[in-house]
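Let me begin by presenting the structure, written as structure tokens, before commenting on it.
Every chain is numbered from 1 and lettered A, B, ... according to where its sequence line falls, protein lines coming before strand lines. Since we're looking at a predicted model, the values are computed, not measured.
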There are 2 protein chains.
Amino acid sequence: MENKTENNEAKILNAAKNIFQQKGMTGARMQEIADKAGINKALLHYYYRSKQLLFEAVFNQAFKIIAPKLGAVLNSDLPLFDKIKQFTQGYISFVIEHPYLPGFIIHELNQNPEFAQQLTKKKHFPNIQKFQKQIEQAVKMGEIKPISPNQLFVNIISLTVFPFVGAPLLKGMTNLNDAAYNDLLSSRKTEVSDFIINAIKQEK
Amino acid sequence: MENKTENNEAKILNAAKNIFQQKGMTGARMQEIADKAGINKALLHYYYRSKQLLFEAVFNQAFKIIAPKLGAVLNSDLPLFDKIKQFTQGYISFVIEHPYLPGFIIHELNQNPEFAQQLTKKKHFPNIQKFQKQIEQAVKMGEIKPISPNQLFVNIISLTVFPFVGAPLLKGMTNLNDAAYNDLLSSRKTEVSDFIINAIKQEK
DNA sequence: GTCTATAGCCAGATAGAC
DNA sequence: GTCTATCTGGCTATAGAC
């Protein structure tokens with residue numbers, strides 16, 4: 001029966017993840033989550049006490065999945081260009097599997113900016129100092145064109161994440177259907193790093 | 001008294017714009033909009049009938065403001081590099097004045113994908129065919145490195161828009177305070193186009 | 001642990017006086 | 001046109017049986 005309990009907790013968290021990520025905290029309904037989990041509302045409250053707490057469980061889990069993935073590559077010992085390649089490829093592949101994740105996190109952080117502050121202090125929050133130093137060094141060595149580490153970092157994240165967050169808009173403007181847009185996203189696994197490296201590499 | 005009426009309609013729309021853009025359709029409260037407009041709830045319904053209709057008025061107005069701005073530059077007769085410069089500079093300047101606008105539109109489009117479909121057909125929806133042709137041409141002429149027009153377009157929009165949409169996250173990761181982050185955004189008026197042009201220009 | 005039934009609240013919408 | 005008061009429905013949360 002403990003197995004059953006764990007099953008329910010997992011089923012709820014999974015259903016909640018789906019609904020919250022698609023509709024956001026304010027748009028989600030406990031009834032809908034219960035339906036998706038195949039149980040009733042009372043049980044939701046039995047396991048997670050309140051909508052707010054269930055939401056936080058989902059959000060923290062989402063952040064715990066996505067944040068270390070950011071940090072790991074950036075803090076590795078790879079040369080700069082390899083690091084950029086590995087990061088963009090890995091991240092785009094990952095988000096193709098979890099397309100709602102970035103939009104969800106961004107939207108909820110925009111709703112509760114003070115919530116964002118707290119995250120910064122968590123242990124799994126990505127630290128990019130090493131990456132910033134590496135960029136500075138590469139500029140000094142004349143390996144890449146002069147650029148502020150923060151600007152380059154923002155560019156990398158923007159090129160990687162935005163095509164998912166802004167998918168409906170971009171789909172409309174490029175006039176691509178779903179399949180064609182997914183192809184475009186998939187191509188970006190290599191195209192994004194090519195684009196970035198072309199932008200910064202020092203011509204000989 | 002007609003003046004008074006128009007004043008109220010405008011005051012409501014303005015208050016609604018603020019609340020909806022910050023909290024989204026599902027997070028917004030009619031009471032809060034009424035308070036911000038300095039009137040009572042009943043009057044909201046008198047002028048706009050329902051929350052849904054008020055929301056649509058706000059959304060359509062937002063889209064009508066932002067969409068032609070996208071299209072105008074892209075359909076001009078400027079040379080490619082000038083066009084990219086003017087577009088990024090103009091857009092970043094504009095969004096600095098309306099920082100919630102892109103996130104609002106993107107989030108609501110993600111909620112109602114069928115809503116996105118309809119937008120495509122509206123007359124003020126930005127048409128990028130001319131821009132796509134121009135990119136193809138520049139590739140053929142050897143003016144820029146080979147790149148798919150859609151990929152380049154997505155890159156331009158990503159670099160321009162995402163730093164606003166993902167501000168809380170990026171602020172946290174770069175460890176910048178509000179003022180410093182705003183400086184970073186402001187610098188992007190010129191930095192983004194430099195970055196893009198470096199990425200695509202053909203080395204001689 | 002799991003359910004049904006319901007309490008209690010809150011938000012959108014309307015009635016009706018002025 | 002503008003207000004106060006109120007209806008109505010829906011949603012979170014809990015009580016209580018099993």
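In this model, the phosphate group of dG1(D) is not approached by any side-chain N or O of N8(B) to a distance below 4.0 Å at OP1 or OP2.
To the nearest angstrom, P of dT14(C) lies 13 Å from CG of L44(B). With rounding to whole Å, E32(B) atom CD is found 15 Å from dG12(C) atom C1'. The distance from atom CG of L43(B) to atom C1' of dG12(C) is 15 Å, rounded to the nearest whole Å. To the nearest angstrom, C1' of dA15(C) lies 14 Å from CG of N40(B). Computed from coordinates, the L53(B) CG to dA13(C) C1' distance equals 12 Å when rounded to whole Å.
In this view, L78(A) and S76(A), D82(A), K83(A), Q86(A) satisfy the side-chain contact (heavy atoms from CB on, under 4.5 Å) rule, not counting sequence neighbours.
Taking the six-membered ring where tryptophan is involved, the planes of Y91(B) and F87(B) are essentially parallel, since the angle between them stays under 30° and well short of 60°.
Closest non-hydrogen pair, F131(B) versus I156(B), comes out as CZ-CD1, 3.8 Å. Closest heavy-atom contact between V165(A) and I106(B): O-CG2, 3.2 Å.
For the residue pair Q118(B)/E114(B), the side-chain donor-acceptor check at 3.5 Å is not satisfied.
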How would you summarise protein contacts on nucleotides 5-16 of chain D per nucleotide, using B for base, S for sugar-phosphate only and - for none, with heavy-atom distances below 4.0 Å? ------SBBB--

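The distance between the ring centers of F20(A) and F55(A) falls below 6.0 angstrom.
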